[in-house]
Amino acid sequence: MVTVDRPGRLLIGGTWRSGQDEKTFEIIEPATSEVMATAAVASPADVDAAVRAARGAFEGGAWSEAPASARAKVLYRIAELIRSEADQLATLEARNAGKPIRDARDEVLGAAQCFEYYAGAATRIFGETIPVSAPGLDFTLREPVGVVALIVPWNFPLTIASWKVAPALAAGNAAILKPASYTPLTALELGRIALEAGLPEGVLNVITGPGSTTGNALAGHPGVDKIAFTGETLTGVSILQQAAPNITRVSLELGGKSPNIIFADADLEKAAPAAVNSVFGNAGQDCCARSRAFVHRSIAEEFDQRVAAGARKLTMGDPLDARTEIGPLISMKQRERVQGYIQVGRQEGARLLAGGSAPGGHLAAGSFLEPTVFDRAENGMRIAQEEIFGPVLTIIPFADEDEVLRLVNDTPYGLSGSIWTRDIGRALRMARGVKTGVLSINSSRSVHQEAPFGGYKRSGIGRELGMHALQLYTEVKNVFVSLE
Ligand code: NDP
């Protein structure tokens with residue numbers, strides 16, 4: 001049973017409790033700007049209680065020392081429960097994050113798939129045997145890190161929580177999940193589901209509260225062995241600083257300004273709609289959004305007009321309406337920020353080809369913003385360099401392969417990107433040259449449950465998903481046995 005009454009409480013040590021100083025904050029529904037729930041503010045004392053609960057659960061061994069197959073069963077059960085509650089969870093996520101219901105449903109099913117994958121992976125965390133020079137047998141053990149702090153953003157709340165919780169638990173760690181303050185609801189439900197699935201108490205704790213206090217106390221806590229963070233690059237810098245005195249291990253999934261490169265021989269029937277979906281999906285609030293399109297000069301006008309027409313056609317509306325393709329931004333504050341960038345784009349001299357305004361009428365109460373396309377832009381413009389995190393596409397023309405590679409890599413970010421061409425040699429030369437952690441050719445898919453995901457440069461440290469994620473949540477111990 002999914003309810004929105006659970007907020008107001010923290011999950012610590014297997015029990016639901018208020019924050020020690022009884023403070024709460026409101027959760028706003030972005031489509032209506034109305035309060036949909038309240039959540040508890042975890043004080044530094046609550047954070048400390050959560051860390052102690054996780055430590056106790058970890059050292060108690062009921063999870064960390066359980067056979068991997070037993071851990072796998074609980075993770076499968078979590079996946080089953082997520083699937084059985086998919087409709088309610090999707091509705092909650094759609095309302096809380098403002099995302100179209102069909103996307104929310106896909107994300108919930110993706111979260112179930114993530115738990116299934118790591119249920120399977122739990123029994124496949126292998127060590128090595130190493131032919132050392134000394135006379136003996138040398139092998140490695142992969143052990144859980146201990147207490148892990150998982151701090152996640154608001155754009156894909158349940159998805160990104162699952163990307164962290166599932167591998168952390170598969171490896172035998174105890175976790176403290178801190179969701180974003182805009183969107184804590186499905187994380188709290190995940191905490192409930194994990195208990196119902198048989199996860200021992202204290203192995204997954206869920207605490208809510210502002211990043212500046214709750215998040216800070218968690219990231220700087222000496223009892224935390226590892227932090228996995230997804231969010232803004234500048235918050236990532238702060239996390240590294242907070243972790244430094246304790247030498248806490250840190251992995252970071254940060255911002256992006258991902259390129260979409262369209263050569264003259266690309267199949268525009270596919271590339272143009274993909275360009276639209278890859279930047280306006282989730283109202284552009286996607287770290288992998290292909291927010292910079294580089295298009296060959298010879299096809300620029302045709303491509304730009306197709307993309308602008310596609311943007312105008314998107315159905316904006318109530319996230320709970322099955323026809324909706326684009327919902328509101330997460331908040332009025334976020335919309336103002338994005339509108340500021342639209343203003344910057346106009347001042348910088350790019351051509352505004354579509355969108356640019358906030359709709360009125362029945363959508364006026366929500367933080368909606370039209371899908372916006374700028375073309376004839378230059379790579380040095382702020383709209384081409386800074387992560388806008390909203391429904392804004394910047395199109396930049398290019399002349400040849402050398403030029404586009406130089407432009408594409410001229411950014412502090414390196415998360416994702418796409419290359420559209422029918423020339424396999426060119427596609428592979430570009431794939432080698434583009435400095436991002438994730439690339440797709442003739443596609444805009446960045447995320448595959450089974451494959452590594454993460455960024456180069458200021459887009460992050462470490463790789464999530466697939467078997468790579470297990471490296472983030474395990475220590476490697478080398479054991480040498482003398483045979484002399
Ligand atoms: P933020 O960095 O603002 O917040 C992310 C999380 O960190 C939230 O839970 C937040 O809490 C918490 N937090 C904020 N400040 C601190 C602090 N000083 N110490 C500890 N925790 C803190 O990001 P957003 O939520 O705004 O998410 C959007 C950003 O996330 C974008 O830049 C986007 O690119 C990036 N992102 C990256 C992805 C990737 O995989 N590379 C995927 C998805 C998003 P609170 O909400 O209470 O402020």
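Below, each value reflects all heavy atoms present in this structure, side chains not excepted, and no hydrogens, waters or symmetry copies. Just follow the structure's listing: the first ligand is 1, and inside any ligand the first atom is 1.
- Considering only non-hydrogen protein atoms, atom 48 (O) of ligand 1 sits nearest to G211 N, 3.6 Å.
- Under 4.0 Å is where a charged nitrogen must lie from a carboxylate oxygen, and between E336 and K333 no such pair does.
- With a 4.0 Å heavy-atom cut-off, ligand 1 is reached by the side chain of L415 but not by its N, CA, C or O.
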>> The test is ring-ring contact (aromatic ring centres under 6.0 Å, His included); show your working for F453 and W163 and say whether it passes.
In response: CA-CA 10 Å; F453 176 82; W163 290 9; 5.3 Å; yes

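- Between E116 and R83 there is a salt bridge, since at least one side-chain N of the basic residue sits less than 4.0 Å from a carboxylate O of the acidic one.
- Residue I160 approaches ligand 1 through these ligand atoms, each under 4.0 Å from one of its heavy atoms: 42 (C), 43 (C).
- Under a 4.0 Å heavy-atom criterion, F229 is in contact with ligand 1.
- Close approach of ligand 1 to Q242 (heavy-atom distance below 4.0 Å) involves ligand atoms 18 (N), 19 (N).
- Ligand 1 places these atoms under 4.0 Å from at least one heavy atom of P179: 9 (O).
- For atom 5 (C) of ligand 1, the nearest non-hydrogen atom from the set V438, T230, T233 comes from T230.
- The closest heavy-atom contact to atom 20 (C) of ligand 1, among the options S238, G215, S331, comes from G215.
- If you check which protein heavy atom lies closest to atom 43 (C) of ligand 1, you get N155 ND2, 3.1 Å.
- The residues R55 and D225 are annotated as salt-bridged, a charged nitrogen and a carboxylate oxygen being separated by less than 4.0 angstrom.
- Here the protein heavy atom with the shortest distance to atom 23 (O) of ligand 1 is E232 N, 3.4 Å.
- Among S459, G231, G460, the residue whose heavy atom sits closest to atom 35 (C) of ligand 1 is G231.
- Against a heavy-atom cut-off of under 4.0 Å, G209 is close to the following atoms of ligand 1: 47 (O).
- Not a single heavy atom of F156 lies less than 4.0 angstrom from ligand 1.
- Interface of C287 with ligand 1, defined as ligand atoms under 4.0 Å from a residue heavy atom, comprises 34 (O), 36 (N), 37 (C), 38 (C), 39 (C), 40 (O), 41 (N), 42 (C), 43 (C), 44 (C).
- Near F453, with a cut-off below 4.0 Å to any heavy atom, the atoms of ligand 1 are 40 (O).
- Below 4.0 Å from some heavy atom of P210 lie the following atoms of ligand 1, by number and element: 47 (O).
- Regarding atom 25 (O) of ligand 1, its nearest protein heavy-atom neighbour is W154 CD1, 2.9 Å.
- Nearest protein heavy-atom contact of atom 9 (O) of ligand 1 is V152 O, 2.8 Å.
- Nearest to atom 2 (O) of ligand 1 among the protein's heavy atoms is T235 OG1, 2.6 Å.
- Counting only heavy atoms of the protein, atom 34 (O) of ligand 1 lies nearest to E387 OE2, 2.6 Å.
- With ligand atoms numbered from 1 in the order given, ligand 1 contributes 6 (C), 7 (O), 9 (O), 12 (C), 21 (N) to contacts under 4.0 Å with heavy atoms of I151.
- Within 6.0 Å of the CZ atom in R52, the count of heavy atoms belonging to other residues, nucleotides or ligands does not exceed 12.
- Counting protein heavy atoms only, atom 47 (O) of ligand 1 is closest to S181 OG, 2.5 Å.
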